[in-house]
Amino acid sequence: MNPFFLRVLLTADPAHPAVSLEQFLCEAGHEVVMVEARGDAALKAARLLHPDLIILTGPLRGTLTDVALAAAIQTPGAAPVPVILVTDPAQLPGLLALQAPARPVDTAQAAPI
């Protein structure tokens with residue numbers, strides 16, 4: 001089991017390649033609690049499901065834009081929810097370090113600060 005398990009809300013158009021991100025997230029041990037293509041539905045899901053992370057992968061259907069959704073999700077008095085706005089979904093696995101574990105730094109060869 002992944003010790004850094006996250007409940008993720010993913011916004012993606014079903015015709016968009018970002019839907020494959022759901023598979024990457026699940027394989028990495030995270031739970032995708034909802035995949036939404038409409039901004040208003042994603043906002044409702046975020047308020048009901050309280051995900052640990054929200055990933056926005058491009059233009060949303062409806063009147064709510066991805067930037068407006070990111071702002072609307074943050075409610076005063078509540079803990080902030082991290083939101084990642086992805087313009088190139090192919091880069092997300094690397095961005096989340098899902099492809100390979102980090103290698104330890106060899107301190108003997110590290111440059112002095």
Those residues at least two apart in sequence (or on a different chain) that pass side-chain hydrogen bond (donor to acceptor under 3.5 Å, both in side chains) with D52 are none
Checking R47 now: which residues fulfil salt bridge (Lys or Arg N to Asp or Glu O under 4.0 Å) with it, not counting sequence neighbours?
none
Can you pull the side chain to side chain donor-acceptor pair (under 3.5 Å) pairs that have at least one residue in residues 31-46, sequence neighbours excluded?
R38-D40
Between I55 and L9, does the side chain to side chain contact (heavy atoms under 4.5 Å, CB included) criterion hold? Intermediate values first, please.
CA-CA 6 Å; I55 301 175; L9 172 65; over 6 Å; no
According to a 4.5 Å side-chain heavy-atom criterion applied to Ile, Leu, Val, Met, Phe, Trp and Tyr, with indirect links allowed, do F24 and V32 form part of one hydrophobic cluster?
yes
Single-linkage hydrophobic cluster, 4.5 Å side-chain cutoff, L43 and V67 together:
yes
Closest non-hydrogen atom pair, A68 against L64
CB-CD1, 3.7 Å
Are L25 and I54 in one and the same hydrophobic cluster, where Ile, Leu, Val, Met, Phe, Trp and Tyr link if side-chain heavy atoms are under 4.5 Å apart?
no
Is there a donor-acceptor pair under 3.5 Å between the side chain of H30 and the backbone N or O of L6?
yes
P51 and V81: which non-hydrogen atoms are nearest, and at how many Å?
O-CG1, 3.8 Å
Got a sec, which residues hit side chain to side chain contact (heavy atoms under 4.5 Å, CB included) with L60, two or more places apart in sequence or on another chain?
T11, D66, L69
Take V33 and V8 through the test side chain to side chain contact (heavy atoms under 4.5 Å, CB included) and record every step on the way to the result.
CA-CA 6 Å; V33 294; V8 180; over 6 Å; no
Only counting residues at least two apart or in another chain, list the ones meeting side-chain hydrogen bond (donor to acceptor under 3.5 Å, both in side chains) with Q74.
none
Run the side chain to side chain contact (heavy atoms under 4.5 Å, CB included) test against A70 and tell me which residues pass, sequence neighbours left out.
L56, V83
Indicate the atoms forming the closest heavy-atom contact of H50 with R7, along with that distance.
O-NH1, 3.4 Å
Under a 4.5 Å side-chain heavy-atom rule over Ile, Leu, Val, Met, Phe, Trp and Tyr, are L49 and L53 clustered together?
no
